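One structure is given below, encoded as C-alpha cells.
Because the structure is predicted, anything quoted here is derived from the model rather than measured. Values below: all heavy atoms of this structure, side chains included; hydrogens, waters and symmetry mates excluded.
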Amino acid sequence: MILSKEYESEDGDLFQVELMEGMTDHEIEQFKSQLPNNSIPPEIEALLRFSKGFDFFGLDEIRFDAFGYFGFEEMFPYSIQLAGDGFGNFWILDIDSKGGWNSVYYVCHDPAVIIKHSENLSEFIKHLDDFGQNMGQSYLDNIHDKTVWEIWNEKVGLMESNKKEYDFEKGSIELPESFFVADLSEAEIGSGFPWGKSGPKPKIIRPNDEAIWIVEQRLKQGLLARLFRGNR
C-alpha cells in the first residue's frame with residue numbers, strides 16, 4: 001500500500017518510502033536465536049525477508065529487527081524499537097514470552113506517558129500511511145501532540161479508577177507500598193496512563209505477558225514533613 005504512494009511534507013517536499021534490504025537465511029536464524037521461544041511469526045518472517053525496515057519522512061528510520069534496543073525491560077521485557085521521533089520518544093512493539101508480536105505502544109518521556117498506539121504492526125503501518133497523507137491532522141500527530149497531555153493531565157486514558165480485582169499478592173511479586181494498576185489488555189487504541197507522575201524512576205512491574213502494569217505511587221510530602229526531615 002505505502003510503497004506505491006508519493007507523499008507531501010508540510011513544507012511541500014515530495015517523498016516516498018525507501019526500503020531497506022531484507023534479511024538473509026543466516027540473518028533470520030540469528031535473529032530467531034535472540035527472540036523469546038526462538039521463533040518469529042510466519043508473517044513477520046516473510047516481512048523481514050522482504051525488508052528489515054524503511055525510511056519515512058518525519059521519523060527516525062522504521063526498523064522491524066531492532067530487538068533489545070529500547071531497554072526499559074520492566075515495562076517491556078521483550079520488544080522491537082520500531083521508530084523514534086528524534087526527541088527521545090519511541091514506538092515499541094511488544095513481544096510476549098511465547099514469541100508473539102502484539103500491540104504497538106507510544107512511550108513518551110515528556111510527559112512520561114505510555115499509550116496503546118496500534119493493535120499490531122500492520123495497523124501501525126496504516127497509521128504511518130495516514131501520517132504521510134495528513135501530517136498535522138493525522139492520528140499519529142494527535143497521539144504525539146495532544147493525547148499525551150490529556151492523559152498526563154488525567155482528562156482521558158486509564159487512571160486509578162480501575163475497579164477490577166487482581167491476584168498479584170499470591171505470586172512472588174514484591175509490590176510497592178502504594179501503587180495503581182494500569183490495565184491496557186482490553187483497552188482501545190489511544191488509551192494510556194502516566195507512568196512518571198511519582199517522579200523519576202518509579203518502580204514498575206509487568207506481572208505477565210498481558211498488557212498490565214503495576215506502577216508505584218509515591219506519596220507527596222507536605223511542607224511540614226519536608227521541614228522536619230530537613231532539620232534532622
Quiz item: Out of curiosity, does L3 fall in the hydrophobic cluster containing L82 (side-chain heavy atoms, cut-off under 4.5 Å, transitive links)?
Solution: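 Yes.
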Exercise. Treat each ILVMFWY residue as a node, draw an edge where side-chain heavy atoms are under 4.5 Å apart, and state whether L121 and M20 are in one component.
Key: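 No: no chain of side-chain contacts under 4.5 Å links L121 to M20.
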Let me confirm one number: the [atom1]-[atom2] distance from [X] to [Y], rounded to the nearest 0.5 Å.
X: F90; Y: L59; atom1: CZ; atom2: CG; value: 12.0 Å
X: L19; Y: E21; atom1: CG; atom2: CD; value: 10.5 Å
X: N38; Y: S33; atom1: CG; atom2: OG; value: 6.5 Å
X: D183; Y: S191; atom1: CG; atom2: OG; value: 10.5 Å

Quiz item: How are the rings of F56 and F131 set to each other: parallel, tilted or perpendicular (split at 30° and 60°)?
Solution: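 Geometry flag for F131 against F56: tilted rings.
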Exercise. Measure up the F31 and W101 rings against each other and bin them: parallel (under 30°), tilted (30 to 60°), perpendicular (over 60°).
Key: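 Correct class here is perpendicular.
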Check whether any side-chain heavy atom of [X] lies under 4.5 Å from a side-chain heavy atom of [Y], and answer yes or no.
X: I114; Y: I92; result: no
X: S79; Y: I95; result: no
X: H144; Y: W91; result: yes
X: I2; Y: I125; result: yes
X: I28; Y: T24; result: no
X: D65; Y: I80; result: no
X: Q81; Y: L93; result: no
X: L184; Y: W213; result: yes

Practice problem: Could you go through the side-chain contact (heavy atoms from CB on, under 4.5 Å) check for K197 and Q217 one step at a time? | Solution: CA-CA 8 Å; K197 278 270 186 172; Q217 287 183 301; over 6 Å; no
Quiz prompt | Any side-chain donor near an acceptor of the partner, Y139 and N134, under 3.5 Å | solution =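 Absent: no donor and acceptor within the cut-off.
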Using modelled atom types only, decide if a donor and an acceptor are shared between the side chain of [X] and the backbone of [Y] within a distance under 3.5 Å.
X: S198; Y: E216; value: yes
X: N89; Y: H109; value: yes
X: S9; Y: D13; value: yes

Who pairs with [X] by side chain to side chain donor-acceptor pair (under 3.5 Å), at least two apart in sequence or on another chain?
X: Q133; result: D129
X: S97; result: D209
X: N120; result: none

Between [X] and [Y], which heavy-atom pair has the shortest distance, and what is it?
X: I214; Y: P207; answer: CD1-CG, 3.9 Å
X: M23; Y: E27; answer: CA-OE1, 3.2 Å
X: G99; Y: N37; answer: N-CB, 4.3 Å
X: D145; Y: W149; answer: O-CD1, 3.4 Å
X: Y105; Y: A211; answer: OH-CB, 3.3 Å
X: Q16; Y: K5; answer: CG-O, 3.3 Å

List, one per line, each side-chain donor-acceptor pair under 3.5 Å for residues 66-76, sequence neighbours excluded.
none

Self-check item: NZ/K203: more than 12 non-hydrogen atoms of other groups inside 6.0 Å
Solution: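 Correct, the count exceeds 12.
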Practice problem: May I ask you to check whether over 12 heavy atoms, not counting those of E6, lie within 6.0 Å of atom CD? | Solution: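 Yes.
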Exercise. Hey, could you give me each pair passing salt bridge (charged side-chain N to carboxylate O under 4.0 Å, His left out) that has a residue in residues 30-40? Not counting sequence neighbours.
Key: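 Sorted result for residues 30-40: E29-K32, K32-E45.
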Practice problem: Any pair with a residue in residues 91-101 that passes salt bridge (charged side-chain N to carboxylate O under 4.0 Å, His left out), sequence neighbours left out, goes on the list, sorted by first then second residue, please. | Solution: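 Found D94-R206.
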Quiz prompt | For V148, the option from N153, N142, I115 that meets side-chain contact (heavy atoms from CB on, under 4.5 Å) | solution =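 Exactly one pass, corresponding to I115.
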Quiz prompt | SB check R49 D25 (cutoff 4.0 Å) | solution =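 Looking at R49 and D25, the cut-off is met.
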Practice problem: Could you please spell out the steps behind the side-chain contact (heavy atoms from CB on, under 4.5 Å) verdict for K52 and F64? | Solution: CA-CA 5 Å; K52 289 180 282 195; F64 308 134; 5.7 Å; no
Exercise. Give the C-alpha distance, both sets of side-chain angles, the deciding distance and a yes or no for side-chain contact (heavy atoms from CB on, under 4.5 Å) between L140 and D130.
Key: CA-CA 8 Å; L140 187 147; D130 170 55; 5.8 Å; no
Quiz prompt | Criterion side-chain hydrogen bond (donor to acceptor under 3.5 Å, both in side chains) against S118, the qualifying member of H127, E123, K126 | solution =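 By the side-chain hydrogen bond (donor to acceptor under 3.5 Å, both in side chains) criterion, S118 pairs with just one of H127, E123, K126: H127.
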Exercise. Please step through side-chain contact (heavy atoms from CB on, under 4.5 Å) for the pair D85 and Y106, ending with a clear verdict.
Key: CA-CA 10 Å; D85 64 0; Y106 180 59; 3.3 Å; yes
